[in-house]
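One structure is given here, and the rest of the page talks about it.
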Amino acid sequence: MQTGILYGISVGTGDPELITLKGLRLLKQMPVVAFPLGVGGKPGMAEQIVAQWLSPSSVQLALNFPYVQDETILSSAWHQAAEQVWQYLQKGQDVAFACEGDVSFYSTFTYLAQTLQELHPQVAIQTVPGVCSPMAAASVLGLPLTIRDRKLVVLPALYRVEELEAVLDWADVVVLLKVSSVYEQVWQVLHRRQLLSRSYVVERATLPDMAIYKDLCDRPHLKLPYFSLLIVQVTVEKSLIQKSKEKIS
Ligand SMILES: C[S@@+](CC[C@H](N)C(=O)[O-])C[C@H]1O[C@@H](n2cnc3c(N)ncnc32)[C@H](O)[C@@H]1O
C-alpha cells in the first residue's frame with residue numbers, strides 16, 4: 001500500500017484569512033490534521049487559527065513539542081510525534097500539519113519532517129508557504145520591512161547581547177523574534193544607540209488582541225507575550241524621508 005503524504009501547511013500569524021487558498025483547500029480535505037499541543041491545556045496558536053476551517057469528521061492530532069532547550073528531551077518528543085503521524089501515513093492516509101506563520105521559517109514542522117524521514121524514508125513530504133511574522137508585523141505597522149539595497153537581519157532568539165551589537169553595526173533593519181524574555185536587555189542596547197524612536201514592538205500580530213508599540217523611549221519594562229517581535233530601523237532610508245517631507249509640504 002502506498003503511504004500517505006505529510007503536508008506542512010503555513011496558516012499565517014493569527015488572522016484566519018491569511019491562510020493561502022491552497023493551504024485552506026488541503027486543510028478542508030485532509031482526513032487527519034495535526035498541530036502543536038497548546039500550553040496549560042489551552043489550544044495552541046495554529047489550532048486556534050485552523051479550528052473554523054476543519055471538517056468535523058477529520059481526526060485532530062495535538063503533538064507535544066516541549067518548550068525546552070534540552071536536546072535529549074526534544075529529540076524524544078520529535079520521535080514520538082513522528083511515530084504518531086506515521087500511524088496514519090502507513091495506512092495510506094494523508095496528514096496535514098498546521099504551522100503558525102510560515103512552515104519554513106523557524107518552524108517546529110522542520111524537526112517533525114526530518115525525524116519522520118529518518119525513521120521512514122519512504123514518506124513524501126510537501127509544504128505550502130505562507131505569511132511569516134516579520135511580514136505580518138510590517139503590514140500592521142504600515143511600514144515596508146525593507147527596500148532597495150537595505151540589509152535585513154532576522155535574529156531568531158538572542159542568547160548573547162554582543163550578537164545584537166554586532167548586527168546593529170552592520171544591518172539596516174533588524175527583526176528580533178522571541179524577544180519577550182530579553183526585552184529589557186535589548187531596550188538598554190537600543191537606548192545607548194539612540195534607536196528607541198525607530199524601534200517597534202508588535203504583540204500577537206493580526207490577532208484581535210494585537211498590541212503595537214511604535215516608540216519604545218518610555219517603555220523600558222514591557223511585559224510581552226511569547227508571540228511578540230521587535231523591529232529596529234537601524235538606518236533611515238533616504239527615499240522614505242523624502243516621501244514623508246513631500247506629504248508634509
Ligand atoms: C518559533 S518562531 C515561529 C515563527 C513562525 N513560523 C513565523 O513564520 O513567523 C516564534 C516567534 O515568532 C514570532 N511570532 C510568530 N507569530 C507572531 C505573531 N502573530 N505576532 C508577533 N510575533 C510572532 C515571535 O517572535 C515568536 O516568539
Side-chain angles (χ1 to χ4, degrees), residues 7-20 22-23 27 34-39 42-51 63-69 71 74 77-78 81 96-114 125 127-143 145-146 152-159 163-164 167 173-187 190 199-214 216 219 222-232:
Y7 292 91
I9 301 190
S10 308
V11 300
T13 50
D15 176 348
E17 291 191 339
L18 291 177
I19 301 175
T20 62
K22 182 168 184 169
L27 277 175
F35 33 71
L37 181 70
V39 179
K42 293 190 194 142
M45 179 75 106
E47 182 179 357
Q48 289 174 47
I49 296 170
V50 300
L63 303 175
N64 183 26
F65 298 110
Y67 284 80
V68 294
Q69 301 289 331
E71 289 292 331
L74 287 173
W78 299 333
F97 180 88
C99 167
E100 192 270 341
D102 179 89
V103 72
S104 307
F105 190 73
Y106 303 112
S107 163
T108 325
F109 177 76
T110 305
Y111 306 116
L112 173 65
Q114 280 177 351
I125 295 175
T127 57
V128 179
V131 176
C132 68
S133 52
M135 308 304 161
S139 166
V140 298
L141 285 166
L143 286 175
L145 186 58
T146 188
L152 168 69
V153 171
V154 177
L155 290 180
L158 192 64
Y159 299 112
E163 211 172 31
L164 175 61
V167 163
V173 184
V174 177
V175 177
L176 300 177
L177 302 180
K178 298 188 185 164
V179 71
S180 54
S181 57
V182 288
Y183 176 78
E184 292 187 6
Q185 290 151 271
V186 170
W187 190 92
L190 299 177
S199 299
Y200 310 83
V201 166
V202 182
E203 284 182 21
R204 297 174 63 80
T206 75
L207 283 150
D209 59 350
M210 168 176 77
I212 294 177
Y213 304 98
K214 283 197 172 174
L216 303 181
R219 301 183 191 277
L222 280 179
K223 282 268 164 290
L224 299 171
Y226 174 75
F227 286 103
S228 306
L229 59 74
L230 192 148
I231 298 179
V232 191

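Whatever order the structure lists ligands and atoms in, that order sets their numbers, starting from 1. If you read the sequence from its start, that first residue is 1, and numbering goes on from there. Bear in mind the structure is a predicted one, so any value in this text is a computation, not a measurement.
- At least one side-chain heavy atom of Phe109 sits less than 4.5 Å from a side-chain heavy atom of Ile125.
- With sequence neighbours excluded, no residue forms a ring-ring contact (aromatic ring centres under 6.0 Å, His included) with Tyr106.
- Taking both residues in full, the closest heavy atoms of Val11 and Ile49 are given as O-CG2, 3.5 Å, listed atom of the first, atom of the second, then distance.
- Not counting sequence neighbours, the partners of Glu203 by the side chain to side chain donor-acceptor pair (under 3.5 Å) test are Tyr213.
- With sequence neighbours left out, the side chain to side chain donor-acceptor pair (under 3.5 Å) criterion links Thr206 to Thr13.
- Applying the 6.0 Å contact sphere to CD of Glu184 captures more than 12 heavy atoms from other residues, nucleotides or ligands.
- Enumerated by chain and number, the residues approaching ligand 1 to less than 4.0 Å through a heavy atom are Thr13, Glu100, Gly101, Asp102, Phe105, Tyr106, Cys132, Ser133, Leu177, Lys178, Val202, Arg204, Ala205, Tyr226, Phe227, Ser228, Leu229.
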